[in-house]
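These numbers were taken from a predicted model, which means no experiment stands behind them. All values below come from the heavy atoms of this structure, side chains included, with hydrogens, waters and symmetry mates left out.
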Amino acid sequence: MADKQSLTLAFSLILLLSLSSARLLPNTTAVDLISDGSTQSQPLLRLYATSEAKECEETYGFLPCTTTVLGNLFLILGYGYLMFLAATYLSAGSELLLEILGPGIVGGLFLPVLGALPDAMLILVSGISGTVETAQVQVSVGMGLLAGSTVMLLTVIWGTCVVVGKCDIEDSVAIDGKDTRGLSLTGSGVTADIWTSYAAMIMAVSILPFLVVQLPQVLHSTSGRHLAVLIALVISVSLLISYCLYQVFQPWIQRRRIDYAKHKHVISGVLKHLKMRALGRLLNERGEPNREVIEKLFMAIDTDHDNFLSASELRALILGIRFDEINLNEDDASAKLLKDFDSTLDEKIDLDEFICGIKNWLDEAMGLRDSSPQDTAGGETIKHLTRYHEQTKREHFLLGDQSDEVVEGVENPQWTTIKAVLLLLLGAVIAAAFADPLVDAVDNFSSATSIPSFFISFIALPFATNSSEAVSAIIFASRKKLRSASLTFSELYGAVTMNNILCLSVFLALVYVRGLVWDFSSEVLVILIVCIVMGALGSVRTTFPLWTSSIAFLLYPFSLALVYVLDYMFGWS
């Protein structure tokens, strides 16, 4: 890994030297061939030079510039590769830091910000330099990058992850590592955990600043545009802070949810076990506890015959049931069961407490408040308990409990920390240094080809700034497991959320401070459509059959066509 990074760094330095010392194709037109002192030849080839001689300004005073098509294309590719390296270094440094410090502040605060840093840099430099008129033109590059990144991640990359991560779907859940049904549109797909659904919901909510800033255009008002930008900026920054705080506390919230799901599963398992062992019904015909039957069960569990159940006896009961389907700490589970039954807080359970506890459990498992006594006391009881047990097992599975995985320690934490910080600094420096030249190259290429800069930044730049996230997501998805699929889609939703709040905050701040005109109705509409469709899809389900990938793939050309039609046929911008 270190050798690969060294080679990559060496290659980037060579590329930088070649860019800074390059003598690109001339800025002038073809050599003037004078005939009779009055006739001048036309350009030899449009690809190599513009029809008019146009001076360009070297970035930082030494980086090359050109007005030719091929020259600017070379610069876009070169600077785009350097931005790709910046994103790669930031991603690698973030992962190393996460290994040492774990989730929480690092995973919730720094990693999302660092992942969006290249995009934010490009957006910042697109509107911070030059006159207001120049910034108004160049800022379309930033909007193109913002819209393009969101659309690419939620369409092309999202759909690809479903295809490469597909497994056989059984009982509405994709089975880890089992892929025997080929390209079955309904029989194969991926399953993610519940937290991924929450990430999709958060992503859908993050479009709120776009709605606010677009209100004056919807109402055909020009007086309130500047105020709408300010309000949207405040909302965007507030959402950014809230999102980071949620990410910081999410590991704690997740552990609490998983512990509760385990406890519910243990309750359902114990009830099912007791019902199967009971010589009669746990409940009589009136839906009340069958004291005689439950007393026999109590005496069977009370191995020392002291008429009390202790934590150790409950632990023996749990061990006898054998909850192999979940990673269970028997001591913790028995302590929680004791707490459920022990109403007198004397660390032991008598018969009355046991009967009352069983009744409360059955109320929860079977929903007695919504069922008749005949339903709860009849022969259907075991079916109700079995169904409840399966539901709790599925709930625990979809929460993505990975506490049984072995977490390997870092061999040399001090050196790993230094390496992580150096990678982060290097990535940040490269992103800050080459964002401006890349925006200039895109603008010059647009002028040389008459292709709107929005489409260049919409299609090309996201592949440079988001390529590391895209490759990482696809690699994770190819592992064909619930956990890897969850990480994949959570990463994609998180990246789009940061685009919608962090990058948009930078964009709105530029528009407000520099007094630019917000005139991006078609671009905003595309972002809203894609985020709402994919956010709704990810919020209402955890399993994605293969056919859902077609929705994602079709949204990409639809987005391009929609912007073109609205801008160039209906004149929205």
Side-chain angles (χ1 to χ4, degrees), residues 152-200 254 258 261-262 265 268-269 272 322-328 383 386-408 467 469-494 533-557:
M152 183 192 76
L153 290 172
L154 290 180
T155 59
V156 178
I157 305 304
W158 194 97
T160 302
C161 289
V162 172
V163 174
V164 302
K166 66 181 180 64
C167 298
D168 294 350
I169 296 178
E170 298 177 5
D171 296 327
S172 301
V173 174
I175 307 302
D176 285 358
K178 185 179 180 182
D179 185 16
T180 61
R181 298 179 180 175
L183 298 177
S184 174
L185 295 180
T186 57
S188 63
V190 298
T191 295
D193 59 28
I194 293 174
W195 305 103
T196 308
S197 298
Y198 296 159
Q254 187 170 349
I258 291 173
K262 282 183 179 180
H265 187 62
S268 65
K272 182 181 176 183
R322 299 186 63 177
F323 292 90
D324 295 331
E325 62 267 35
I326 65 173
N327 180 56
L328 187 65
K383 293 183 179 179
T386 300
R387 188 182 306 115
Y388 181 69
H389 187 66
E390 291 300 319
Q391 289 174 350
T392 57
K393 179 181 176 181
R394 176 182 171 85
E395 179 183 350
H396 175 267
F397 173 75
L398 291 178
L399 283 171
D401 180 20
Q402 299 295 324
S403 56
D404 56 335
E405 291 189 353
V406 177
V407 179
E408 299 180 358
S467 54
E469 291 174 340
V471 172
S472 175
I474 293 173
I475 291 175
F476 267 113
S478 65
R479 296 177 182 176
K480 298 181 181 296
K481 292 184 178 181
L482 170 78
R483 176 167 173 77
S484 59
S486 303
L487 290 173
T488 294
F489 293 111
S490 294
E491 182 177 358
L492 294 179
Y493 296 141
V533 170
M534 300 307 295
L537 183 63
S539 300
V540 300
R541 62 192 310 155
T542 54
T543 297
F544 304 101
L546 193 58
W547 64 264
T548 58
S549 64
S550 61
I551 298 176
F553 287 134
L554 289 174
L555 277 175
Y556 189 79

Report the residue from Cys161, Pro545, Ser188, Ser549 that forms a side chain to side chain contact (heavy atoms under 4.5 Å, CB included) with Lys166.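 Only match with Lys166 under side chain to side chain contact (heavy atoms under 4.5 Å, CB included): Ser188.
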Give a yes or no on whether the backbone of Ile175 and the side-chain of Asp168 come within a donor-acceptor separation of less than 3.5 Å.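 No, the answer is negative, given that no donor and acceptor are paired below the 3.5 Å cut-off.
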Under 3.5 Å, is there a donor-acceptor pair between the side chain of Thr191 and the main chain of Val173?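 Here the side-chain-to-backbone pair does not exist.
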Kindly give the heavy-atom pair with the smallest separation between [X] and [Y], and that separation in Å.
X	Y	value
Gly535	Ser539	O-OG, 2.5 Å
Leu537	Phe544	O-CE2, 3.6 Å
Ala200	Gly538	CB-C, 3.6 Å
Asp176	Leu482	OD1-N, 2.9 Å
Val190	Ala485	CB-CB, 4.5 Å
Glu170	Arg181	CG-NH2, 3.8 Å

Is there a side-chain contact between Leu555 and Leu154, using heavy atoms and a 4.5 Å cut-off?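 No; the side chains remain at least 4.5 Å from each other.
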So do Ile169 and Thr186 actually touch side chain to side chain, heavy atoms under 4.5 Å?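 The answer is no, as the side chains (C-beta and beyond) never meet within the 4.5 Å cut-off.
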What distance separates [X] [atom1] from [Y] [atom2], expressed to the nearest 0.5 Å?
X	Y	atom1	atom2	answer
Met534	Leu153	CE	CG	11.0 Å
Ile474	Leu492	CD1	CG	9.0 Å
Thr155	Leu554	OG1	CG	10.0 Å
Ser490	Trp195	OG	CH2	10.5 Å

Can a side-chain donor-acceptor contact be found between Tyr493 and Trp158 if the only test is distance below 3.5 angstrom?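 Trp158 vs Tyr493: donor-acceptor pair found between side chains.
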With a sphere of 6.0 Å drawn around NZ of Lys481, does it hold more than 12 non-hydrogen atoms of other residues, nucleotides or ligands?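 No - once you tally the heavy atoms of other residues, nucleotides and ligands closer than 6.0 Å, there are 12 at most.
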Evaluate the criterion side-chain contact (heavy atoms from CB on, under 4.5 Å) for residue pair Asp193 and Phe489; output intermediate values, then yes/no. CA-CA 10 Å; Asp193 59 28; Phe489 293 111; over 6 Å; no
